[in-house]
Amino acid sequence: MLRLTQVKLPLTYSEEDLINKCAGLLRIQPGKIKKLELVRRSVDARKKPHIVYSCTVNVTVDGERSILKNSRCKQAEIVKRELYHFPKPGGERLTAPIIIVGMGPAGLFCGYLLAKAGYCPILLERGQDVDSRKASVEKFWETGILNSSSNVQFGEGGAGTFSDGKLNTTIKDQGGRNRKALEIFVENGAPEEILYEAKPHIGTDILFHVVKNMRQRILAWGGQVRFESCVTDIFIEERRAVYQVSGVEINGEERLACSSLVLAPGHSARDTFSLLFQKKIPMEPKPFAVGFRVIHPQRLINESQYGVEELKPLGAAPYKLTARSLSGRGVYSFCMCPGGYVVNASSEPGHTAVNGMSYHDRAGGFANSAVIVTVNEKDFDGMDALSGMRFQRELEKRAYELGAGAVPVERYGDFYESMTGNTRENISCAPSEVFQNGAFQSAASQVPPTDESEEKAPVRKAVGESTDQCIKGKAVHADLTKILPLELNKAFVEGMEHFDKVIPSFGGENTLLCGVESRTSSPVRILRRDTLESAAVAGLYPCGEGAGYAGGIMSAAVDGMKAAEELASRYSPF
């Protein structure tokens, strides 16, 4: 087939427009085109406000070589699609089930492929099914009562379920895995547009249904799924001078044997990391980034990206920003949520962390993104594999104490003045646009209960309805300069000032900062061989974001697929 690139089309193009455009580029009659497939569609906004789509299209025609020669089209080439192939079964017999720990993207996709191929895996998830989990999360946002086992971080679908659901990735699509992962999402209820959009996303509301549908198929194919099943121990035996995983303990009482164990924890599974450390499983600390969520009116971002405050065919505009501080640290936007919300994403009593979330329509009036600063072993002493985790926990503890359990929030103008001694003059929006019911109140002196086992105490309403439109959970005003170390605060301000030159008023006085964004990626890497097995324990397969081998929904899903392929190549199905 022929592939056409940089096919420019208006935002309101029709299928007929696409056919005619491709036929014109190839200098053939539209009727000669047998099939068109939209491979990629991105937005070309270089000539604001004249914005168009730039498309990559596969065109099926007879005589493609002669057409390519006659058209002399520099945008066309002959290509072959690289199809995904699951490996043939191996010859080793399964003496016990394959167990998968964690139902985030890595564990879910690993289990999906293994179950479909007849391996009947057992999936263990410490949190609840997605419907029960949703109720627990909403209760936490409303009351401050945290279910430490099932929350924004833990439960069916992993942390990505309560996010923007972005599916773009920088990893190369070797073997067609990226495409296959997207197709699996579509098979289970995601919109088909994710197959071709340059920046695909699903949204929290649709992800709820997608992960549930994937679970139901796993069950239909003979797999098992067990919720509220936290792995509290891993059993390792020495067999002929080789250490081999043999089973797990669930909730401190039940033991399950396994032939192999896929360890796919989220990056918030701190008790799991501590367990692995005690078991002397080879791990190392890894760099990550920390910072704050920033909130702007979505119209401001639309104006900067599209040249107009609203462009209905495209919806809410995204952005991506990078800078480098004078000290050499990277400062960049992360997990940008157009038309979304900042959410209290805490998972541990006495600790506060935030994240961003969007629904599929991205129809909220505010944009938010993490603006984060890179940290490494020098920042958290690097004395052992858990040093980065301890650094994260300390920042989250400070955030919790500042907000008395609520999300601590501050205007950038105040943060800037505290750091520089100068007043921020450029103003991004009037306070009334964000805070309709008056100013912030200070944090309550009484800390709300942090676990469902504790007695419910009255929770002071910190801000009235002032942040209902942009924050999920209670919010209070606080001095955010007290959370990060001084050098990181300085780098954050340098980054914000640079971004303000790229997007006017990005660093405006009333831009909101929310703390703390600490769960950008795993603070550890569980070492593994090329076969994806642990560097020291046979049959143990660390994978996904928590293990240190992914950085988002897609890369985690692909890593889970790789683990499934390794296991399928080794074992024969039941």
Side-chain angles (χ1 to χ4, degrees), residues 86 94 96-133 149-150 153-161 181 184-185 187-188 207-235 245-251 254-269 271-272 275 532 539-547 549-550 553 556-568 571 573-574:
F86 196 67
L94 283 169
I98 296 170
I99 292 179
I100 301 169
V101 179
M103 284 187 67
L108 192 59
F109 272 76
C110 181
Y112 190 90
L113 292 185
L114 288 176
K116 187 174 183 179
Y119 288 88
C120 302
I122 299 175
L123 282 73
L124 304 177
E125 168 55 52
R126 73 168 65 203
Q128 297 167 312
D129 66 89
V130 73
D131 292 316
S132 302
R133 179 189 182 193
S149 296
S150 193
Q153 307 293 343
F154 301 139
E156 185 174 21
T161 303
I184 289 173
F185 276 125
E187 288 170 8
N188 289 279
L207 271 169
F208 290 151
H209 302 290
V210 171
V211 298
K212 185 192 301 186
N213 291 340
M214 290 182 70
R215 180 233 305 171
Q216 290 171 343
R217 290 196 178 192
I218 289 171
L219 294 173
W221 290 327
Q224 296 182 45
V225 175
R226 297 182 56 171
F227 295 110
E228 299 181 86
S229 297
C230 181
V231 171
T232 49
D233 202 355
I234 298 173
F235 302 111
V245 67
S246 61
V248 296
E249 178 188 80
I250 302 173
N251 298 333
E254 182 183 0
R255 178 168 180 163
L256 284 181
C258 66
S259 288
S260 285
L261 179 67
V262 177
L263 194 59
H267 54 48
S268 299
D271 54 348
T272 302
L275 171 62
L532 307 193
L540 180 63
Y541 291 80
C543 79
E545 191 163 351
Y549 295 96
I553 292 175
V558 166
D559 206 50
M561 294 168 72
K562 291 179 181 178
E565 292 161 16
E566 290 289 337
L567 288 162
Y571 295 109
F574 281 116

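Since the structure is predicted, the reported quantities are computational estimates derived from the model, not experimental observations.
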**Request:** Using modelled atom types only, decide if a donor and an acceptor are shared between the side chain of Ser259 and the backbone of Ala96 within a distance under 3.5 Å.
**Result:** yes
**Item:** Close side-chain approach of Leu256 to Cys258, heavy-atom, < 4.5 Å
**Value:** no
**Asked** Rounded to the nearest 0.5 Å, how far apart are OH of Tyr541 and CD of Glu566?
**Response** 6.5 Å
**Fill in**
From the list Cys230, Ser149, Ser268, side-chain contact (heavy atoms from CB on, under 4.5 Å) partner of Phe154 resolves to Ser268
**Message:** Between the side chains of Glu254 and Arg226, is the shortest nitrogen-to-carboxylate-oxygen separation below 4.0 Å, so that they form an ion pair?
**Reply:** yes
**Asked** Between Phe185 and Phe109, does the ring centroid distance fall short of 6.0 Å?
**Response** yes
**Asked** What closest approach, in Å, do Gly118 and Pro573 show between heavy atoms, and which atom pair accounts for it?
**Response** O-CB, 3.4 Å
**Message:** Could you walk me through whether Ser246 and Arg255 satisfy the side chain to side chain contact (heavy atoms under 4.5 Å, CB included) test, starting with their C-alpha distance in whole Å, then the side-chain angles of each, then the deciding distance to 0.1 Å, before giving a yes or no?
**Reply:** CA-CA 10 Å; Ser246 61; Arg255 178 168 180 163; 3.9 Å; yes
**Complete:** Between Ser260 and Tyr571 the two heavy atoms that sit nearest each other are OG-OH, 2.8 Å
**Request:** Working to the nearest 0.5 Å, report the span between CG of Asn251 and CG of Asp233.
**Result:** 12.5 Å
**Asked** Hey, does the side chain of Tyr119 reach the backbone of Ala568 with a donor-acceptor pair shorter than 3.5 angstrom?
**Response** yes
**Asked** Rounded to the nearest 0.5 Å, how far does CG of Leu124 lie from CD1 of Ile250?
**Response** 4.5 Å
**Asked** Do Val231 and Thr272 come within less than 4.5 Å of each other through their side chains, counting heavy atoms only?
**Response** no
**Side-chain (Glu156) to main-chain (Val130) donor-acceptor, under 3.5 angstrom** = yes
**Request:** State, to 0.1 Å, how close Ala264 and Ala106 come at their nearest heavy-atom pair, and which atoms those are.
**Result:** CB-CB, 4.0 Å
**Request:** List for me each residue that meets side chain to side chain donor-acceptor pair (under 3.5 Å) alongside Gln224, sequence neighbours excluded, and say none if there are none.
**Result:** none
**Request:** Spell out, as yes or no, whether a donor-acceptor pair under 3.5 Å connects the side chain of Asp129 to the backbone of Lys212.
**Result:** no
**Request:** Kindly give the heavy-atom pair with the smallest separation between Gly111 and Pro121, and that separation in Å.
**Result:** O-CG, 3.8 Å
**Rounded distance (nearest 0.5 Å) linking atom OG1 of Thr161 with atom CD of Gln153** = 11.0 Å
**Prompt:** Below 4.5 Å, heavy atoms only, C-beta onward: do Leu114 and Ile100 meet side chain to side chain?
**Reply:** yes
**Request:** Report the distance from atom CD1 of Ile98 to atom SG of Cys110, rounding to the nearest 0.5 Å.
**Result:** 7.5 Å
**Request:** Using the side-chain contact (heavy atoms from CB on, under 4.5 Å) rule, pick out the option among Arg133, Arg126, Met103 that qualifies with Phe227.
**Result:** Met103
**Rounded distance [0.5 Å steps], OG1 in Thr232 versus CG in Asp271** = 9.0 Å
**Message:** Would you say that Phe86 contacts Leu113 through its side chain, given a criterion of any heavy-atom pair below 4.5 Å between the two side chains?
**Reply:** yes
**Item:** Heavy-atom closest pair, residues Pro97 and Ala257
**Value:** CD-O, 3.8 Å
**Request:** Report the C-alpha distance between Leu532 and Leu567 in whole Å, list the side-chain angles of each, state the deciding distance to 0.1 Å, and finish with yes or no for side chain to side chain contact (heavy atoms under 4.5 Å, CB included).
**Result:** CA-CA 10 Å; Leu532 307 193; Leu567 288 162; over 6 Å; no
**Request:** Indicate yes or no: at least one non-hydrogen side-chain atom of Asn213 is less than 4.5 angstrom from one of Arg217.
**Result:** no
**Request:** Please check if the side chain of Glu545 supplies one atom and the backbone of Gly266 the other of a donor-acceptor pair under 3.5 Å.
**Result:** no
**Minimum heavy-atom distance Asp559-Gly544, with the two atoms named** = OD2-N, 2.8 Å
